[in-house]
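As C-alpha cells, the structure follows; a few thoughts come after it.
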Amino acid sequence: QVQLVESGGGSVQAGGSLRLSCAASGYTASTTYMGWFRQAPGKEREGVAAKYTGGGSTYYADFAKGRFTITRDSAKSTLYLQMNNLTPEDTAMYYCSAGPSRRYVPPSRMLESTEYHYWGQGTQVAVSS
C-alpha cells in the first residue's frame, strides 16, 4: 500500500512560482515511478511531469518544459514540482501519482494517467492575471 499527500498549492499572480510537495508513505518500494498530473475545470486530466524514483529519466509535458521541474528527495520520501512563470492557464487541481513496481512503461506513455495506480487527493493551484 502507498499513500500520497500533496501540499504547496495556493493562489498566486501570473509570473509567480509555487513548489508542490508530495509525501509518500506506506510500502513505497512497491512503486518505481511517480508523476504530477493536473485537471482544470471542464478539461481532462493531463500529465505534467514524471520521473523514476531511483533517478534517471524525467518527462515533461510541452507546456511544462522550461518552467516546471520535477525532483525527489529520497530521504524524505517526497516528490516535488517546482513551478515558475505561472500563467492563468496553469490553474488546476494538481495530483501526485505513482505507478506500480517492476512495470515497464514506454517513454511515450509516462505522462498517461492510465499507467499510474496510486493517487493523492490533490492540491489546488490558482493563478490570476
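Because the structure is a prediction, the values reported are computed rather than measured.
- You'll find the side chain of Gln82 stays beyond 4.5 Å of the side chain of Thr71, heavy atoms only.
- Under a hydrophobic clustering in which Ile, Leu, Val, Met, Phe, Trp and Tyr are joined whenever their side-chain heavy atoms come within less than 4.5 Å, directly or via other members, Tyr118 and Phe37 fall into different clusters.
- You'll find the side chain of Arg72 stays beyond 4.5 Å of the side chain of Tyr52, heavy atoms only.
- A heavy-atom distance below 4.5 Å is not found between the side chains of Glu6 and Leu20.
- Take Arg67 and apply the salt bridge (charged side-chain N to carboxylate O under 4.0 Å, His left out) test, not counting sequence neighbours, and it matches Asp90.
- Remark: Tyr27 OH is loosely packed, at most 12 non-hydrogen atoms of other residues, nucleotides or ligands lying under 6.0 Å away.
- The shortest side-chain heavy-atom distance between Ser7 and Thr123 does not fall under the 4.5 Å cut-off.
- Note on Val12 and Leu81: same hydrophobic cluster, where clusters join Ile, Leu, Val, Met, Phe, Trp and Tyr whose side-chain heavy atoms are under 4.5 Å apart, directly or indirectly.
- Between Tyr33 and Pro100, the closest side-chain pair of non-hydrogen atoms falls below 4.5 Å.
- Proximity of Trp36 to Leu79: side-chain heavy atoms (C-beta onward) are separated by under 4.5 Å at one or more points.
- Annotation: cation-pi pair Arg19/Tyr80 present, NZ/CZ under 6.0 Å from the ring centroid and within 45° of its normal.
- The salt bridge (Lys or Arg N to Asp or Glu O under 4.0 Å) contacts involving residues 112-129 comprise Arg103-Glu115, Arg109-Glu115, where partners must be two or more places apart or lie in separate chains.
- Both Val48 and Leu4 sit in one connected hydrophobic cluster of ILVMFWY residues. Membership requires side-chain heavy atoms under 4.5 Å apart, directly or through other members.
- Using a 4.5 Å cut-off between side-chain heavy atoms of Ile, Leu, Val, Met, Phe, Trp and Tyr, with links allowed through other members, Met34 and Val2 fall into the same hydrophobic cluster.
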